[in-house]
Amino acid sequence: MQQKSLTILGATGSIGQSTLDVVRQHPQRFRIEALVANANIAQLAADAREFHARLAVTADPARYHQLRDALAGTGIEVAAGPQAVLEAAGRPVDQLMAAIVGVAGLEPTLAAVAAGNTILLANKECLVSAGELFMARARRHGVDVVPVDSEHNAIMQCFERDNAPAVEKIILTASGGPFRTRPLETLHEVTPEEALKHPNWDMGAKITIDSATLMNKGLELMEAWHLYPVEVEQLDAIIHPQSIVHSLVAYADGSVLAQLGTPDMRTPIAVALAWPERLPTNVARLDLAALGQLVFEPIDEERFPAPRLALETLRRGGSAGAILNAANEEAVSAFLQRRLRFSGIVPLVEQVLEAAERTGGIAALQDIDDVRAADEVGRRLARELVLRMSRAAE
Ligand code: NDP
């Protein structure tokens, strides 16, 4: 068995740690080239030591000395700052796990694409903000993009590429988050603590809030469109509160293929690491008899407008995705800092898109500078709106 070299961007996060846990179970199969993170130096240094990484990088230059001291005497190379992150991502490896949160992950992942590294893609914001550009670069460099997001990983397992014309629909499942049944009129009172408690998945803060608003499903619909050869009209989403069926593909002959499993990201991560082989993991096994039944329901658009907004944004094209993503990142951060109500997150993103459209801010994306500019427009408009809303509430 050939050992694969692996770099992890976002090593200290939820996906990064689950990836290392899978690697921990298969030390003979993987060799860690670089671990990249931002603020959590203690975890980064501990992992670099445990996995004998060749390189450990923090994106924050101010933390360089802390990381260097923590790894003194180990022989592990240490670097810091955004340029060091790009260089780490660009080191040739067999596989690179792209698991930085937010659009901050885009440029490092593009650096990995340019180096020809196979991308295991957790960072959905890359595709939401710059999907066409990203996939075009991957094609140009002959790079495989293997989805890690549980829904897209499920679709990968069910989507018969040779039968693509016979695919009628891709159906993403959504848990519905913690507020699926909460009275609508109380959604404005939701606190960050309540929204950070996901019923099924243990994830980083940003994606947990996105799951509560269902913006996560919106981002995933956009991600699916970039990953699979389907029209926007063929994308669907359905609520499945148990998170057992991870997504489905419906075919013209009436067959519907689904992938099932207990909600544990180590399964899709193991699939991505080994595909098309299967790697044993110690995740809890699915016991359907004990479960008894699988529950599904349609998405209530009044409660959860984000999936509709995402599909409209896909149809709008150009920089609309980057603006939506930036506005959402700002809105989530404002909510977590108690500067925006939970019920204001998705309406704010919609207002930002409307304002951008009105002022001619939505344009074609030619290169990464256009993505940066669109991201800046989305953030500026979102910050202005948060400020205006908080002044109005005073
Ligand atoms: P976390 O918040 O748990 O972790 C984020 C990681 O990114 C941390 O390692 C953090 O470092 C690092 N990071 C943040 N900013 C920077 C930066 N500027 N440069 C380098 N590293 C940085 O996020 P998740 O693991 O939950 O999510 C990661 C991505 O995967 C997201 O795009 C998310 O949507 C996607 N995803 C996550 C799933 C999950 O189950 N968690 C499921 C499917 C997709 P530090 O902690 O040291 O500051």
Side-chain angles (χ1 to χ4, degrees), residues 7-22 34-48 56-63 66-67 70 79-89 96-109 111-112 119-129 146-155 172-175 177 196 198 200-211 213 215-220 222-224 227 243 246-247 262-269 271-272 283 325 328-329 332-333 336:
T7 284
I8 305 178
L9 306 181
T12 51
S14 161
I15 292 287
Q17 291 293 296
S18 295
T19 306
L20 286 172
D21 200 41
V22 175
L35 295 179
V36 175
N38 188 38
N40 191 347
I41 301 301
Q43 187 69 53
L44 176 60
D47 291 336
V57 180
T58 161
D60 182 357
R63 297 180 200 266
Q66 196 189 342
L67 183 60
Q83 187 56 32
V85 172
L86 294 180
E87 283 168 20
L96 176 133
M97 172 61 74
I100 291 175
V101 62
V103 79
L106 175 62
E107 292 189 46
T109 310
I119 306 296
L120 314 184
L121 189 68
N123 176 290
K124 59 194 84 186
E125 294 90 346
C126 276
L127 292 182
V128 171
S129 295
V146 185
V148 170
D149 215 343
S150 60
E151 292 77 1
H152 307 78
N153 190 271
I155 296 163
L172 303 185
T173 50
S175 71
L196 284 169
H198 194 280
N200 305 336
W201 296 97
D202 182 10
M203 309 181 286
K206 195 258 177 181
I207 185 174
T208 305
I209 303 304
D210 286 346
S211 296
T213 59
M215 181 56 85
N216 185 47
K217 214 46 53 186
L219 303 182
E220 287 176 2
M222 300 173 79
E223 189 184 4
L227 287 170
S243 300
H246 297 305
S247 279
T262 47
D264 186 324
M265 282 309 293
R266 288 172 301 176
T267 295
I269 288 169
V271 172
V283 305
N325 182 68
N328 183 55
E329 286 189 22
V332 169
S333 148
L336 288 172

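Computed from a prediction, not measured in an experiment: that's the story for all the values here. Ligands are counted one by one from 1 in listed order, and the atoms in each one are counted from 1 as well.
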Checklist entry - Can you find an N or O of Asp149 that's nearer than 3.5 Å to an N or O of ligand 1? => result no
Item to check | Check: Asn328 and Lys206 side chains under 4.5 Å, non-hydrogen atoms | outcome: yes
Checklist entry - Side chain or backbone of Ile207 under 4.0 Å from ligand 1, or both, or neither, by non-hydrogen atoms? => result side chain
Checklist entry - Please state which protein non-hydrogen atom is closest to atom 34 (O) of ligand 1 and give its distance, to 0.1 Å? => result Lys124 CE, 3.3 Å
Next on the checklist: If we only consider heavy atoms of Ala99, is any one of them less than 4.0 Å away from an atom in ligand 1?
Outcome noted: yes
Checklist entry - Under 3.5 Å, is there a donor-acceptor pair between the side chain of Asn216 and the main chain of Ile207? => result no
Item to check | Within-4.5 Å side-chain heavy-atom neighbours: Leu20 and Leu35 | outcome: yes
Item to check | Protein contact of atom 32 (O) of ligand 1 - nearest heavy atom, named by residue and atom, plus distance | outcome: Glu125 OE1, 2.6 Å
Item to check | Closest candidate by heavy atom, reference atom 16 (C) of ligand 1, pool Asp202, Ile100, Asn123, Leu44 | outcome: Ile100
Checklist outcome for this item: Nearest heavy-atom contact between Ile8 and Thr19 is CD1-CG2, 3.8 Å
Item to check | Atoms of ligand 1 close to Gly13 [distance to a heavy atom under 4.0 angstrom, numbered from 1] | outcome: 1 (P), 3 (O), 4 (O), 8 (C), 9 (O), 25 (O)
Checklist entry - Near Ala39, which atoms of ligand 1 are under 4.0 Å from a heavy atom of that residue? => result 45 (P), 47 (O), 48 (O)
Item to check | For atom 18 (N) of ligand 1, the protein heavy atom that lies nearest, with its residue and separation | outcome: Ala104 CB, 3.8 Å
Item to check | Main-chain N/O of Gln43 paired to Asn40 side chain as donor or acceptor, under 3.5 Å | outcome: yes
Item to check | Thr58 side chain vs Asp60 backbone, donor-acceptor pair below 3.5 Å | outcome: yes
Checklist entry - For ligand 1, is Lys206 a contact, meaning one of its heavy atoms is under 4.0 Å away? => result no
Checklist entry - Going by the order shown, which atoms of ligand 1 are within less than 4.0 Å of some heavy atom of Met203? => result 39 (C), 40 (O), 41 (N)
Item to check | Closest approach of Leu219 to Val128 (non-hydrogen atoms, all atoms of both residues) | outcome: O-CG2, 3.6 Å
Item to check | Nearest protein heavy atom with distance in Å, relative to atom 2 (O) of ligand 1 | outcome: Gly204 CA, 3.9 Å
Item to check | Nearest-contact summary for atom 35 (C) of ligand 1 - protein heavy atom, Å | outcome: Ala122 O, 3.1 Å
Next on the checklist: Taking distance alone, with N or O pairs closer than 3.5 Å, would you say Thr12 contacts ligand 1?
Outcome noted: yes
Next on the checklist: Regarding ligand 1, does Gly10 bring an N or O atom to under 3.5 Å of one of the ligand's N or O atoms?
Outcome noted: yes
Next on the checklist: Going by the closest heavy atom to atom 38 (C) of ligand 1, which one wins out of Leu121, Asn153, Ile15?
Outcome noted: Ile15
Item to check | Audit row: Lys124, Glu151, salt bridge (charged side-chain N to carboxylate O under 4.0 Å, His left out) steps and yes/no | outcome: CA-CA 11 Å; Lys124 59 194 84 186; Glu151 292 77 1; 5.6 Å; no
Checklist entry - Could you state the interatomic distance from CG (Asn123) to CD1 (Ile100), rounded to the nearest 0.5 Å? => result 7.5 Å
Item to check | Numbering as shown, the atoms of ligand 1 that approach Ala59 to under 4.0 Å (heavy-atom distance) | outcome: 17 (C), 19 (N), 20 (C)
Checklist outcome for this item: Of all protein heavy atoms, the one nearest atom 41 (N) of ligand 1 is Ser14 OG, 3.2 Å
Next on the checklist: Checking the side chain of Ser129 only, and the main-chain atoms of Cys126 only, is there a donor and an acceptor separated by less than 3.5 Å?
Outcome noted: no
Checklist entry - With a cut-off of 4.0 Å, which atoms of ligand 1 are near a heavy atom of Ala11? => result 9 (O)
Checklist entry - Taking the side chain from Glu220 and the backbone from Leu172, do they hold a donor-acceptor pair closer than 3.5 Å? => result no
Checklist entry - CG of Asp202 to CE of Met265: how many Å apart, nearest 0.5 Å? => result 11.5 Å
Checklist entry - For atom 13 (N) of ligand 1, which of Ile41, Asn38, Leu35 has the closest heavy atom? => result Asn38
